[in-house]
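In what follows, every heavy atom counts, from backbone to side chain, and hydrogens, waters and symmetry copies are set aside. Keep in mind that what you see is a predicted model, and the values were worked out from it rather than measured. As the structure lists them, so they are numbered: ligands from 1, and atoms in each ligand from 1.
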Amino acid sequence: MRKWDLFFELYENLPRQGPGDNASTRKAYRMMRGLPDRPRVLDIGCGNGMQTLELGRISGGDVLALDNHQPFLDRLNRDARSAGLERSIRTVNRSMKAMRFEDGSFDIVWSEGALYQMGFLKGLKRCRRLLKPGGWLAVTEAVLFRTRLPAEVRRFWREEYPDITTVGENIRKIRAAGFTPVAHFRLPVRAWITPFYGPMEKRIRGLARKYRDDARALALLETWRKEIDIYRRHSDCFGYEFFIMRRE
Ligand code: SAH
């Protein structure tokens with residue numbers, strides 16, 4: 001059992017691949033001002049595209065959803081058709097590290113739980129180039145709510161994402177990347193549990209039955225179960241923040 005095969009077997013079947021929910025997507029969207037009637041939107045690291053579909057519904061514009069894992073994009077294309085959104089949503093299989101769109105092509109760039117793949121500051125700078133002047137960027141990023149952390153939380157983030165930092169530090173990065181920070185808010189706990197960790201726990205139990213004779217698979221499933229457990233016990237220490245900013 002290869003780690004990534006099991007990882008995708010787990011993740012492909014979840015409603016989404018990171019924390020977030022439609023209420024938070026809508027809340028962030030409504031914080032943006034002065035948008036054209038049919039904005040051009042880029043959704044980076046869309047996964048199964050729960051937020052892409054919501055953006056298609058609320059923006060009335062054209063949404064291009066980018067990810068480098070085709071099964072996620074296949075599912076999004078199917079869901080867009082069932083929702084009657086196939087004319088407003090297109091998908092592209094490409095790495096966010098090689099986006100190669102023309103500078104200034106989008107009114108809105110969106111990215112939930114994915115920009116850290118490039119590093120937050122570098123990701124912000126790349127998004128800025130893609131925006132028209134006056135364009136908007138909305139992203140979620142894992143953040144620390146305090147700097148003194150229990151040992152197991154410190155260890156977890158040292159492994160997962162050593163660059164994780166506070167909301168204040170991220171706002172400094174937003175300015176350093178040439179944006180005006182306009183608003184930010186913390187994702188509620190239910191945005192982690194209802195569409196993400198809840199279904200993930202259920203799926204882990206199913207896979208543990210399927211692979212009950214495979215010690216390596218069971219060990220991997222246990223590390224993912226522990227991740228959920230750490231969040232449940234320490235959601236006062238870390239979480240996700242939505243940042244909404246404007247390119248002047
Ligand atoms: N926005 C979705 C998915 C977040 S998970 C949600 O909130 O549910 C992060 C996503 O980034 C995954 O779908 C993963 O396939 C994608 N990803 C990871 N590295 C990438 C890269 N280099 N280029 C494009 N997408 C990438």
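- Close contacts between ligand 1 and R94 involve ligand atoms 23 (N), 24 (C) [criterion: under 4.0 Å to a heavy atom].
- Taking the six-membered ring where the residue is Trp, W192 and Y240 present perpendicular rings, their angle passing 60° and hence far from 30°.
- Distances between N or O atoms of G45 and those of ligand 1 include at least one value under 3.5 Å.
- In summary, the atoms of ligand 1 found under 4.0 Å from a heavy atom of Q51, numbered by their order in the structure, are 1 (N), 2 (C), 6 (C), 7 (O), 8 (O).
- Ion pairing of D236 with R146 is present here, as a side-chain N (NZ or NE/NH1/NH2) and a carboxylate O approach within less than 4.0 Å.
- Here the protein heavy atom with the shortest distance to atom 23 (N) of ligand 1 is M96 N, 2.8 Å.
- Among all non-hydrogen protein atoms, the one lying nearest atom 8 (O) of ligand 1 is Q17 N, 3.0 Å.
- Look at R232 and E201 and you find a salt bridge, because one of the NZ, NE, NH1 or NH2 atoms lies within 4.0 Å of a carboxylate O, short of that distance.
- For atom 9 (C) of ligand 1, the nearest non-hydrogen atom of the protein is G113 O, 3.6 Å.
- In this comparison of T25, D67, N48, the heavy atom closest to atom 12 (C) of ligand 1 sits on D67.
- In this structure, the side chains of L137 and R247 stay at 4.5 Å or more apart for every pair of heavy atoms.
- In this structure, R16 forms no cation-pi arrangement with F196, as its terminal cationic atom is not both closer than 6.0 Å to the ring centre and no more than 45° off the ring axis.
- For atom 22 (N) of ligand 1, the nearest protein heavy atom (residue, atom name, distance) is S95 OG, 3.2 Å.
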Report all side-chain donor-acceptor pairs from residues 178-190 shorter than 3.5 Å, counting only partners two or more places apart or in another chain.
unit_1 : atom_1 : unit_2 : atom_2 : d
T180   : OG1    : E248   : OE2    : 2.7
H184   : ND1    : E241   : OE2    : 2.8

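- Shown here are the side-chain hydrogen bond (donor to acceptor under 3.5 Å, both in side chains) partners of D107, two or more places apart in sequence or in another chain: K132.
- Remark: side-chain polar atoms of R154 are paired, donor with acceptor, to backbone N or O of L149 under 3.5 angstrom.
- Taking the charged nitrogens against the carboxylate oxygens, E152 and R155 have no contact shorter than 4.0 Å, which rules out a salt bridge.
- Distance from atom 7 (O) of ligand 1 to its nearest protein heavy atom, with residue and atom name: R16 NH2, 2.7 Å.
- Summary of contacts: the protein heavy atom closest to atom 19 (N) of ligand 1 is Q117 CD, 3.5 Å.
- Considering only non-hydrogen protein atoms, atom 4 (C) of ligand 1 sits nearest to E112 O, 3.5 Å.
- Of all the heavy atoms of C46, the ones lying under 4.0 Å from any atom of ligand 1 belong exclusively to the backbone.
- At a heavy-atom distance under 4.0 Å, no atom of F196 approaches ligand 1.
- Residue-to-ligand polar distances keep H69 apart from ligand 1: every N/O pair is separated by 3.5 Å or more.
- Looking from atom 17 (N) of ligand 1 to the surrounding protein, the closest heavy atom is N68 OD1, 3.6 Å.
- Of the heavy atoms in M50, none comes closer than 4.0 Å to ligand 1.
- Between H69 and F72, the two ring planes are perpendicular [angle over 60°; tilted spans 30° to 60°].
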